[in-house]
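Note sheet for the following structure.
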Amino acid sequence: MQCVLLDFETRSRTDLTKTGAYKYAADPSTDILCMSAIDSEIGDEWLWYPGTQAFPATLAVAIEHADLVTAVNAEFDKAIWEYIAVPDYGAPEIEHKKWYCLAAQCRVNAIPSGLENAARALGINKRKDPRGKQLIKALSIPNPVTGEFNEDPKLMQEMGEYCLQDSRLARKVMALTRLMSVTEHQDWLITCDINERGAKVDTELARLAVTYADAERGEIADKLSALTGGVITKHTQSVRIRKWLLAECENDPDVIALMTVKKGDVEKQSLDKDVRTALLDARTSDGFLLCQLTADVLELVDQGSKSSVSKFQRMLDMAEDDDRVRGAFVFAGAGQTQRFASRGLQLHNMRRDCWKAEQTEDIKQSMRTKQIIPNVMDTLSKLLRPALIPAPGHKFVVSDWAAIEGRVLPWLTEDPRAEAVLDIFRSGADIYMATAKAMGILERQIGKVATLALGYQGAVGAFQAIAKNYGLILTEAEVLKIVFKWREANPWAVAYWRACEKAAILAMRRPGTEVKIGKCQFMFVEGLMNGTLCGILPDGTVLQYPNARLEYVKGKYGGKWQVSYAKASILPKADATEWPRHTLYGGLIAENFAQGTAGAILKYALRELASVNAPVAFHVHDEIIEEVHIRAVEARSLQLQTIMETPPPWAVGLPLEAKPAVMQRYGK
DNA sequence: TGCGGCGGCGCC
DNA sequence: AAAGGGCGCCGCCGCA
């Protein structure tokens, strides 16, 4: 495998962190300072300053012969290459499928995807060097006072050296982790295509929303200042608000009790949404004192805490001239499950409860004519999804898999007792009602919450967390009974948790051996990243647990063996000597497997859709949104449903259901 | 002033 | 022994 590693250093008047790579690369003020390249096999190095040098002929040959052209976050380098290096500086063209991303390779290895953190996780870069950042600040950003770029030749030369050093480090990281499989690389390329296509934003709506949100935030701030004598000046000042409230109620133990939340092993006082609701609710019951003043303050915080309205500004920052936001998806962004993540304009967490297209038009018209809107922040956050729109003459075709994880989990177990659950899905019956019945309970709501909450060894806490979203209020004793009944009615799940945990331990004891659990496997690979426990999903996707260790932990009544591993998503603190670790337990493994397999089904469908040139605009874990010409809506809907409901070859027998809807704006 | 840490929020 | 976990973004806080 011959591979050329690239790294660009650039400068621009636009802010990369606000606009994202695509808009940044497309901006006319963006230019290349230098580019380093390394041939990963031979080790040949190049440093190119396009302002003063022609493109190195030997590098052109190396690229021509390379199987892959690699960069950390290659979408950035690819965009710079295609938008600037080729047209402005005579760099040779590189075919799309030759591009390869080292950051994506890091993510499939379950280590951080930033070069510095990846190297740190691999133990080859202990110390952070601030010089690189200083150089970027000096050369990549115009002087804030004069607006001029610094062109100091000495600094430019130093920048080049740093650029080359990054490529050398990247080469090491590449060698210490496993390459993406052909399928993973293909999925990454498909992600590039989706990112390049982008999602269209109703920028007029976004601008109106920003105006209204700014005004409302100002009003809330004024009210808070007035109520608290200037102690609290914004609804976002969580520390001030907490201190003020505690002082105001003279450390009333009842109030403190309601404010106390457990985080890990430590108890803390919080004033998050749940606590505020609890405090305001308790106010109406007997004997609880929460004066009008504090209640008013809490309600103002509630009103202001729709932080999601900041997304409208983000839409405007990222939208290009054609009103499209590009680069929102990260292939394997979730290292532990290999699901996608979304960045920049995060399309994965937009408020679900939202206005319909017609309501959106009405509200938009009200804002155009500067009408007063009641409950502004709430109204605005319900406009987030509808702010995503299809191009003129197009519609969204939207489809999501019904209860995908509820189907995948029993299917993965291969337990004959789980067939009954799959048969309920196959029959089209109501799974939540059936679950309740199997537990000897009549309320569908309880069946629903139990199904959503208890599949991964969660107990009272997990149930209550989900129950509150459905307005279900039960005592701890009642929930404990429900948990017990659910486990009794679903013995396949309990057995699976145990089997997963045992398999992980067994795999650690027998390196290089496949240990089967239902449709998945574990294998401990000693030579990879200080020992990596690999969970292999039915499609071949590998979930990695790097730096895995089998440890004997002593308990009160004897001890037990357990597997721990380095957790990529938790970055170590500045003074930490070891990467933060987590412990595997059965329910967690079952969850990782189920989420990962659901993600594999999405990736499979995206490949199928790519092969028929389906216009996928975006996706949200279990949901695919196509932006379709109005004349093709019917055909594409049918095609989308067929692709989503046909299980992949490795999942024959898994019942899938995904009925498409047609929308003028994005909605639930 | 810049930056890491943390609390908070939203979704699947 | 029991265990909800997977994400990313915004904005404040406190330190260097």
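Chain letters run A, B, ... following the sequence lines, proteins first, then strands; residues in each count from 1.
When distances run from any side-chain atom of A:Arg351 to the nucleotides B:dC11, B:dC12, C:dC10, the shortest one goes to B:dC11. For A:Arg487, whose side chain is taken as the heavy atoms from C-beta onward, the closest listed nucleotide among C:dC9, B:dC9, C:dA3 is C:dA3. For A:Ile466, taking side-chain heavy atoms from C-beta onward, the closest of the listed nucleotides C:dG5, B:dG8, C:dG4 is C:dG4. The side chain of A:Ser238 lies closest to B:dG8, out of C:dG6, C:dG4, B:dG8. Here the side chain of A:Ala341 is nearest to one of B:dG7, C:dC10, C:dG8, namely C:dG8. The side chain of A:Ala462 has C:dG4 as its nearest neighbour among B:dG10, C:dG4, C:dC13. Nearest to the side-chain atoms of A:Gln346 among the listed nucleotides B:dG10, C:dG6, C:dG4 stands B:dG10. Taking every side-chain heavy atom of A:Arg385 into account, B:dC12 is the closest of C:dG6, B:dG8, B:dC12. Taking only side-chain atoms of A:Asp272, from C-beta outward, the nucleotide of C:dC10, B:dC9, C:dG14 with the closest atom is B:dC9. The nucleotide whose nearest atom lies closest to any side-chain atom of A:Arg343 is, among C:dA2, C:dG8, C:dC13, C:dG8.
Among the heavy atoms of the strands lying under 4.0 Å from A:Gln336 are primed sugar atoms or P, OP1, OP2 only; no base atom is included. Using a 4.0 Å heavy-atom criterion, one finds that A:Arg339 contacts the bases of the nucleic acid, with or without backbone contacts as well. In this structure, A:Gln237 reaches the sugar-phosphate backbone alone: every heavy-atom distance under 4.0 Å involves primed, P, OP1 or OP2 atoms, never a base. Among the protein residues, A:Ser381 comes within range of no part of the nucleic acid, since none of its heavy atoms lies under 4.0 Å from any strand. A:Gly335 comes within contact range of the sugar-phosphate backbone alone, with a heavy-atom separation under 4.0 Å but no base atom that close. If you check every strand for non-hydrogen atoms under 4.0 Å, A:Ile404 touches nothing.
No hydrogens or angles considered: a donor-acceptor pair under 3.5 Å links the side chains of A:Glu551 and A:Ser564. A donor-acceptor pair shorter than 3.5 Å can be found between the side chains of A:Glu75 and A:Tyr22.
The aromatic rings of A:Phe340 and A:His619 lie tilted to each other, with the angle between the two planes from 30° to 60°.
In this structure, A:Asp317 does not pair ionically with A:Arg314, as no charged nitrogen and carboxylate oxygen lie closer than 4.0 Å.
Between the NZ atom of A:Lys382 and the P atom of B:dG10 there is a distance of 13 Å, rounded to whole Å. Residue A:Phe329 contributes atom CZ, which lies 12 Å from atom P of C:dC9 at whole-angstrom precision. Atom CG of A:Leu271 and atom C1' of C:dC13 are 16 Å apart (whole Å). Nucleotide C:dG11 holds its P atom 8 Å from the NZ atom of A:Lys234, rounded to whole Å.
No donor-acceptor pair under 3.5 Å is formed between the side chain of A:Glu623 and the backbone N or O of A:Asp400.
Nearer the 5' end of DNA chain C, as judged by each residue's closest nucleotide, is the contact made by A:Gly559, out of A:Gly559 and A:Leu588.
Contact check for A:Leu584 versus A:Leu533: side-chain heavy atoms found under the 4.5 Å cut-off.
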